[in-house]
Amino acid sequence: MLNIEEIRKDFPILSRTVYNRPLVYLDNAATTQKPRAVVEAMTDEYYSVNANVHRGVHYLSQQATELHEQARANVQEFINARSEAEIIFTRGTTESLNLVAFSFGEAFLKEGDEVLVSVMEHHSNIVPWQMLRERKGIVLKVIPMTDEGEIDLETYKNLFSPRTRLVCIAHVSNVLGTVNPVKEMTAIAHTHGAKVLVDGAQSVPHRRVDVQDIDCDFLTFSGHKIYGPTGIGVLYGREELLEKMPPYQGGGEMIARVSFEKTTYERLPFKFEAGTPDFVGSHALAVALDYVRGIGQDIIAAHEADLTRYAMEQMSLIPGMKIYGTAREKDAVISFNVGDIHPLDLGTLLDRLGIAIRTGHHCAQPLMARCGVESMARASFALYNTRAEVDALVAGIDRVRKMF
């Protein structure tokens, strides 16, 4: 079991007050708080090792380069990729998804080819494909879900055609918390010759994710959702696919040789990392991954599963409570509405009680339409949250309900 009180000491922000009340931070699906080790690693690198990577022969540059490339190896191990060449640093999940849409689209998709996306996708896994549709005339097909918030696997199987080239699926829904059967979905897609992109933004921080076990072709995640800094993220891609994909951006670092007649590109993964990388962020991300490893991914997953079950039980007792997403396998996200209370009003009043949740459409407007609402309130958990904080949330919701 987790020693929560000791863990919470690693996160200074959790000891602060909001409106003279103890902070109850339940907006972890948007971003997680950062442990001292991560912030101190960034401070130390800026003060002690700050130099541009790869291009310098001096000591600081060599040291910064070593930290940056050690971070790449760290990520490779964390998600069990086959090679460091398959790990590309980006600004986050959104840039990773856009990179695949542009570069995979240029290399492998033509007019009439099909891309499958689910109804529960984040906008960042919808809009880039719509932009590609406008450029190249591809066809988007939508994988539906059941009323419980689970992927309709039978319909999914029937969506494939000889023109299906790619399936894009969130591992965990950022709204419903549904854990999608990505391994099974990947196996089905591969029987049809289609590739699979898994959005791991909401799964990598909460559970073990093994890209070789899933057998996916691409996986994305963001550093700031796994206790790391903002502005750093990861794209995993199969080496044989990345080799055939054109660069996403041009500039320094991604070139082997430049002349006005012709430019040749650098080897993987540098072909996709134009310009100065966030070498401080990559090192801090590695420290965050080490922090998670040190606690234990399975222990974290069990703790968050317990919190989610407890919260679902307690919240369901509130009169007028409507919880969206009751999948059999659900991760640490609960979206809900209470009676006729607008989510914005609910979130604002909870904030006055020191309770931070998220309200709105959660960058998933097609999912909102499927659920018949325009917005929801959302509570999401991390390794440092407690049952006492769940109790505070439940009491706060009930207090707001009575006010209305």
Side-chain angles (χ1 to χ4, degrees), residues 27-35 38 71-82 84 86-97 99-100 120-122 124-125 168-183 185-186 196-238 278 281-282 284-305 308 329-333 363 380-384:
D27 193 20
N28 296 286
T31 196
T32 53
Q33 299 302 335
K34 319 307 172 194
V38 168
R72 197 186 308 275
N74 192 316
V75 173
Q76 176 203 350
E77 180 185 353
F78 197 81
I79 62 173
N80 195 30
R82 299 165 189 81
E84 292 177 30
E86 297 181 318
I87 304 300
I88 298 164
F89 286 121
T90 65
R91 291 183 296 125
T93 299
T94 296
E95 184 176 50
S96 297
L97 293 169
L99 190 161
V100 177
M120 64 179 73
E121 296 308 305
H122 190 280
S124 60
N125 206 15
C168 304
I169 183 71
H171 195 172
V172 173
S173 166
N174 74 306
V175 176
L176 307 174
T178 301
V179 182
N180 287 317
V182 292
K183 184 174 180 179
M185 295 178 74
T186 298
V196 177
L197 182 157
V198 174
D199 175 355
Q202 299 293 340
S203 61
V204 173
H206 302 285
R207 55 182 51 232
R208 289 184 185 273
V209 174
D210 184 328
V211 294
Q212 293 193 63
D213 180 60
I214 296 171
D215 201 28
C216 56
D217 302 285
F218 302 98
L219 179 127
T220 67
F221 71 95
S222 298
H224 72 98
K225 295 183 190 292
I226 189 167
Y227 315 103
T230 58
I232 188 75
V234 170
L235 168 65
Y236 155 79
R238 286 187 191 272
D278 186 358
S282 62
L285 172 60
V287 173
L289 299 184
D290 287 341
Y291 183 85
V292 169
R293 282 193 192 92
I295 295 172
Q297 289 173 273
D298 294 336
I299 293 173
I300 292 170
H303 170 70
E304 293 175 346
T308 305
E329 190 172 2
K330 183 178 173 72
D331 223 323
V333 176
C363 293
S380 49
F381 309 111
L383 63 88
Y384 40 64

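Everything numeric here is computed off the predicted structure, so don't read it as measured data. The first residue of the sequence shown is numbered 1, and numbering continues consecutively from there.
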Query raised in the report: Under a 4.5 Å cut-off applied to non-hydrogen side-chain atoms, are Arg82 and Tyr236 in contact?
Result: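 Side-chain contact under 4.5 Å: yes.
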Query raised in the report: Any side-chain heavy atom of Gln202 within less than 4.5 Å of one from His122?
Result: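 In short, these two side chains do not touch, never coming nearer than 4.5 Å.
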Atom of [X], atom of [Y] and distance for their closest heavy-atom approach:
{"X": "Leu289", "Y": "Ile226", "answer": "CD2-CD1, 3.7 Å"}
{"X": "His206", "Y": "Glu304", "answer": "ND1-OE1, 2.7 Å"}
{"X": "Val75", "Y": "Leu285", "answer": "CG2-CD2, 4.2 Å"}
{"X": "Ala201", "Y": "Lys225", "answer": "O-CD, 3.6 Å"}
{"X": "Val38", "Y": "Gly228", "answer": "CG1-CA, 4.3 Å"}
{"X": "Val333", "Y": "Gly177", "answer": "CB-CA, 3.9 Å"}

Query - Ile79 and Phe221: CA distance, side-chain angles, deciding distance, side-chain contact (heavy atoms from CB on, under 4.5 Å) verdict - result: CA-CA 10 Å; Ile79 62 173; Phe221 71 95; 4.1 Å; yes
To the nearest 0.5 Å, what is the distance between [atom1] ([X]) and [atom2] ([Y])?
{"X": "Ile169", "Y": "Asn180", "atom1": "CD1", "atom2": "CG", "answer": "4.0 Å"}
{"X": "Leu219", "Y": "Leu235", "atom1": "CG", "atom2": "CG", "answer": "8.5 Å"}
{"X": "Asn174", "Y": "Asp331", "atom1": "CG", "atom2": "CG", "answer": "12.0 Å"}

**Report entry** Contacts of type ring-ring contact (aromatic ring centres under 6.0 Å, His included), residue Phe218, not counting sequence neighbours
**Finding:**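 Phe218: ring-ring contact (aromatic ring centres under 6.0 Å, His included) contacts with Phe104.
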Report task. Kindly indicate, with the supporting measurements, whether the criterion side-chain contact (heavy atoms from CB on, under 4.5 Å) is fulfilled by Glu86 and Val211. Result -> CA-CA 11 Å; Glu86 297 181 318; Val211 294; 6.0 Å; no
Requested in this report: If a pair satisfies side chain to side chain donor-acceptor pair (under 3.5 Å) and one of its residues is in residues 213-223, list it, with sequence neighbours excluded.
Outcome: Thr93-Ser222, Lys183-Asp213, His190-Asp215, His190-Asp217, Asp215-Arg238, Asp217-Arg238
Requested in this report: Kindly indicate, with the supporting measurements, whether the criterion side-chain contact (heavy atoms from CB on, under 4.5 Å) is fulfilled by His303 and Phe381.
Outcome: CA-CA 10 Å; His303 170 70; Phe381 309 111; over 6 Å; no
Requested in this report: Would you confirm whether Thr32, through its side chain, and His224, through its main-chain N or O, come within 3.5 Å as a donor-acceptor pair?
Outcome: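 Checked: pair present.
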